Amino acid sequence: MNFYTLYRSHNYHFKIYGAMFLGQSRTALETASRLEESIPEELLRVESPPMADWLEGFLAMRVHVLIRFGRWAEILALPMPSDPRLYCVTTAMLHYARGVAYSATGATVEAEAERELAAFCSL
């Protein structure tokens, strides 16, 4: 529950990408879970220093893993965050991942709709 969570998150981030490069989906997903567990919402809500600014983007790593391994159904089953302002990167990345999943499965109308929603997140 402090700034050192950033260092742990960085280490998890490297392990996830290493596992993805090696084709190790299980390791990547397990590490994504550990990363998510290490960043509680209570910590993200700390305003000074602004912890969400530094940490929230790491929570989108699960969707990177799922995209890398073509886990389309799992992507589409992920819930959207209950607080899209706090989880702004995660929300945008979920829309992106859903767009990729829909596109990969031939659902182009739904993919376009997700693209629009992802663009809206940046406003």
Side-chain angles (χ1 to χ4, degrees):
M1 289 296 294
N2 57 42
F3 187 75
Y4 289 101
T5 298
L6 177 62
Y7 295 106
R8 283 188 301 278
S9 298
H10 183 259
N11 292 342
Y12 287 136
H13 187 243
F14 269 69
K15 185 174 180 178
I16 289 166
Y17 266 93
M20 288 194 302
F21 287 141
L22 293 170
Q24 298 176 354
S25 62
R26 182 177 177 176
T27 299
L29 286 168
E30 287 172 356
T31 306
S33 292
R34 292 182 67 193
L35 173 61
E36 292 163 350
E37 291 166 4
S38 75
I39 305 174
E41 185 171 317
E42 178 184 0
L43 180 57
L44 293 178
R45 292 199 179 278
V46 172
E47 293 183 16
S48 182
M51 299 305 280
D53 290 355
W54 292 317
L55 294 169
E56 189 271 326
F58 285 110
L59 295 175
M61 287 308 302
R62 175 172 300 280
V63 296
H64 288 284
V65 175
L66 295 175
I67 290 169
R68 162 65 177 86
F69 294 105
R71 312 274 285 264
W72 313 130
E74 290 177 55
I75 290 169
L76 297 174
L78 289 172
M80 296 303 288
S82 59
D83 185 347
R85 288 186 56 84
L86 180 62
Y87 295 95
C88 57
V89 174
T90 302
T91 299
M93 286 304 302
L94 274 167
H95 286 304
Y96 163 73
R98 291 173 59 82
V100 171
Y102 281 130
S103 181
T105 58
T108 54
V109 171
E110 291 86 348
E112 286 292 325
E114 290 294 338
R115 183 179 63 79
E116 293 297 321
L117 290 168
F120 180 73
C121 288
S122 65
L123 298 178

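All values reported here derive from a predicted model rather than from experimental measurement.
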- What residues form a side-chain contact (heavy atoms from CB on, under 4.5 Å) with Asp83, not counting sequence neighbours? Arg45, Arg85, Leu86, Tyr87
Without placing hydrogens or testing angles, list every side-chain donor-acceptor pair under 3.5 Å for residues 18-31, not counting sequence neighbours.
unit_1: Arg26; atom_1: NE; unit_2: Glu30; atom_2: OE2; d: 2.9
unit_1: Thr31; atom_1: OG1; unit_2: Thr27; atom_2: O; d: 2.8

- Note on the structure: To the nearest 0.5 Å, atom OH of Tyr12 lies from atom CZ of Arg8 at 7.5 Å
- Task: For Pro40 and Ser38, work out which heavy atoms get closest and say how close.
- Result: CD-O, 3.3 Å
- Message: Is there a path of hydrophobic side-chain contacts, each under 4.5 Å between heavy atoms of I/L/V/M/F/W/Y residues, joining Phe14 to Leu59?
- Response: no
- Supply the members, apart from Val109, of the Ile/Leu/Val/Met/Phe/Trp/Tyr cluster built from side-chain contacts under 4.5 Å; use none for a lone residue. none
- Query: How many angstroms lie between atom CE of Met93 and atom CG of Leu78, to the nearest 0.5 angstrom?
  - Reply: 11.5 Å
- Message: When you compare the side chain of Thr5 with that of Ile39, does any pair of heavy atoms fall below 4.5 Å?
- Response: yes
- Query: How many angstroms lie between CD1 in Ile16 and CZ in Arg62, if you round to the nearest 0.5 Å?
  - Reply: 8.5 Å
- Partners of Ser9 by side-chain hydrogen bond (donor to acceptor under 3.5 Å, both in side chains), sequence neighbours excluded? none
- Message: Let me confirm one number: the CG-CG distance from Leu55 to Leu35, rounded to the nearest 0.5 Å.
- Response: 9.0 Å
Could you pull out all donor-acceptor pairs under 3.5 Å where a side-chain atom in residues 97-105 meets a protein atom, sequence neighbours excluded?
unit_1: Arg98; atom_1: NE; unit_2: Glu114; atom_2: OE2; d: 2.9
unit_1: Arg98; atom_1: NH1; unit_2: Leu76; atom_2: O; d: 3.1
unit_1: Arg98; atom_1: NH2; unit_2: Tyr102; atom_2: OH; d: 3.2
unit_1: Thr105; atom_1: OG1; unit_2: Ala101; atom_2: O; d: 2.9
unit_1: Thr105; atom_1: OG1; unit_2: Tyr102; atom_2: O; d: 3.1

- Item | Separation between CE of Met61 and CG of Leu66, rounded to the nearest 0.5 Å | 10.5 Å
- Message: Just so I know, are the side chains of His95 and Thr91 near enough to count as touching, which here means a heavy-atom distance under 4.5 Å?
- Response: yes
- Closest non-hydrogen atoms of Pro81 and Leu94, given as atom of the first, atom of the second and distance, are CD-CD1, 3.7 Å
- Is the backbone of Leu44 close enough, under 3.5 Å, to the side chain of Glu56 for a donor and an acceptor to pair up by distance? no
- Message: Determine whether Glu112 and Arg115 satisfy the following criterion, salt bridge (charged side-chain N to carboxylate O under 4.0 Å, His left out), listing intermediate values before the conclusion.
- Response: CA-CA 5 Å; Glu112 286 292 325; Arg115 183 179 63 79; 2.9 Å; yes
- Calculate, to the nearest 0.5 Å, the distance between atoms CG and SG belonging to Asp53 and Cys88 respectively. 8.0 Å
- With the side chain counted from C-beta on, respond yes when Ile67 and Ile75 share a heavy-atom pair under 4.5 Å apart, and no when they do not. yes
- Message: Suppose the criterion is ring pair (Phe, Tyr, Trp, His ring centres under 6.0 Å): which pairs have a residue in residues 42-80, not counting sequence neighbours?
- Response: Phe3-Trp54, His13-Phe58
